Amino acid sequence: MVVAYAHPVENHPGPRTAAFFDLDKTVIAKSSTLAFGRSFYHGGLINRRAVLRTAYAQFVYLVGGADHDQMEGMRKYLSDLCRGWNVQQVKEIVAETLHDLIDPIIYDEAASLIEEHHAAGRDVVIVSASGSEVVEPIGEMLGADHVVATRMVVEDGAYNGEIEHYVYGPEKAEAIARLAETEGYDLRRCYAYSDSATDLPMLECVGHPYAVNPDRALRKEAVARDWPVLTFSRPVRLKQRIQSLPMPPRPLLAAAAIGAAAATAGLVWLTARRKRPVGLT
């Protein structure tokens, strides 16, 4: 079933439940990591070439998404590129630009859905392969109860080029299972939303999976499994659409080690797309 966002969220009494949301192209209209490319350029962390590659990667991502090989390549490039970056500098850059860059690209439909789940008594959890330093403040903007995201290793105030915990593919489902055990969620009554076939394990682990703006592979799976397909198409500033969502003060905003992916993802997708036509996933 393919529908625009208009489905009711039922309120089930009983055990605790949650709604798990992927972030990029599900809650926000772009890649959260790529969105910071220009900010890191102005901060001196990446060069002009990386900015151009970031812009290209953002376009390719919006048109065709990223498959498993590209996501794995992103992890490797991320590890190499961010090695030695000063954590405090990255924090300051992200804190200064987060609301300007992310607030305008949050889907109105996603924000409304988050509200509905909260009204039904469910926790809202953002689960993303992007870095926790970016995803956590976005989660605060949205009023999320928990955030599960990738973590980078820090030594002596700088990123050492290693990833402590990469929340991608099957690891998303494993992280959800661990959180469900801790919080007492009944996964059979929980919801999950994603745009990518790489998140099939996440969607399969709940009783109510939804494909949102799905890539071609996920759309095929959703049709075969009779999962609902939602279309989110209205990015809007939170302050313009609703005043009830909590907006944390700037001092509470965390920073972005994973912002390195703004450039690394560009390198990954640029390389991958040179080998295949744009739009294939």
Side-chain angles (χ1 to χ4, degrees), residues 16-36 71 74-75 78 87 90-91 94-95 97-99 101-103 105-107 110-111 113-118 122-154 159 163-185 187 190-196 198-199 201-203 205-206 210 212 238 245-262:
R16 295 189 65 201
T17 55
F20 301 93
F21 288 82
D22 176 47
L23 182 60
D24 298 348
K25 294 177 70 175
T26 303
V27 174
I28 64 175
K30 297 181 180 180
S31 163
S32 55
T33 53
L34 295 177
F36 287 92
M71 290 294 291
M74 183 190 301
R75 175 169 62 170
L78 171 62
V87 176
V90 176
K91 287 183 177 181
V94 174
T97 59
L98 179 70
H99 282 284
L101 293 174
I102 302 300
D103 193 5
I105 61 174
I106 295 172
Y107 282 122
L113 190 56
I114 287 171
E115 288 186 288
E116 291 188 25
H117 279 297
H118 273 150
R122 296 187 189 90
D123 284 355
V124 169
V125 184
I126 304 296
V127 187
S128 176
S130 295
S132 59
E133 295 86 355
V134 164
V135 182
E136 286 176 1
I138 294 175
E140 289 185 42
M141 291 170 61
L142 295 164
D145 300 280
H146 300 283
V147 165
V148 180
T150 294
R151 294 193 302 270
M152 304 291 293
V153 178
V154 177
Y159 305 117
I163 297 178
E164 178 182 350
H165 185 214
Y166 189 42
V167 182
Y168 167 74
E171 176 55 33
K172 280 193 177 183
E174 294 171 9
I176 286 173
R178 290 192 295 269
L179 183 63
E181 183 176 357
T182 300
E183 297 294 327
Y185 300 142
L187 288 178
C190 288
Y191 292 67
Y193 302 85
S194 178
D195 72 291
S196 175
T198 61
D199 283 341
M202 167 181 166
L203 296 172
C205 77
V206 301
Y210 286 80
V212 177
L238 290 180
L245 287 175
M247 300 293 292
R250 287 186 181 271
L252 295 180
L253 297 178
I258 203 72

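Please read these numbers as outputs of a predicted model, since none were measured by experiment.
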(request) Please list, chain by chain and in numerical order, all residues satisfying side chain to side chain donor-acceptor pair (under 3.5 Å) with E174, sequence neighbours excluded. (result)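 Scan of E174 (side chain to side chain donor-acceptor pair (under 3.5 Å), adjacent residues dropped) gives none.
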
(request) Please list, chain by chain and in numerical order, all residues satisfying side chain to side chain donor-acceptor pair (under 3.5 Å) with S194, sequence neighbours excluded. (result)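 By the side chain to side chain donor-acceptor pair (under 3.5 Å) rule, S194 matches D199.
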
Nearest 0.5 Å, what's the [atom1]-[atom2] distance between [X] and [Y]?
| X | Y | atom1 | atom2 | result |
| --- | --- | --- | --- | --- |
| K25 | I105 | NZ | CD1 | 12.5 Å |
| L113 | Y210 | CG | OH | 8.5 Å |
| L142 | I28 | CG | CD1 | 9.0 Å |
| D22 | L203 | CG | CG | 9.0 Å |
| E171 | H165 | CD | NE2 | 3.5 Å |
| Y185 | L179 | OH | CG | 5.0 Å |

Indicate the atoms forming the closest heavy-atom contact of [X] with [Y], along with that distance.
| X | Y | answer |
| --- | --- | --- |
| C205 | L187 | O-CB, 3.5 Å |
| T17 | C190 | CA-SG, 3.9 Å |
| P201 | A173 | O-CB, 3.5 Å |

Contact between [X] and [Y] at the side-chain level, heavy atoms closer than 4.5 Å - yes or no?
| X | Y | value |
| --- | --- | --- |
| V125 | E183 | no |
| I126 | I138 | no |
| R122 | V124 | no |
| I176 | V148 | no |
| D24 | D195 | no |
| K172 | T198 | no |

(request) Please test V153 against Y159 for side-chain contact (heavy atoms from CB on, under 4.5 Å), starting from the C-alpha separation and ending with a verdict. (result) CA-CA 6 Å; V153 178; Y159 305 117; over 6 Å; no

(message) Donor-acceptor check, side chain of T150 to backbone of A129, threshold 3.5 angstrom: yes or no?
(response)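 Yes: the side chain of T150 pairs with the backbone of A129.
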
(message) Test of understanding: with side-chain contact (heavy atoms from CB on, under 4.5 Å), list the residues that count as partners of A19, not counting sequence neighbours.
(response)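 Partners of A19 by the side-chain contact (heavy atoms from CB on, under 4.5 Å) criterion, ordered by chain and then number, come out as F21, H117, Y191, Y193.
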
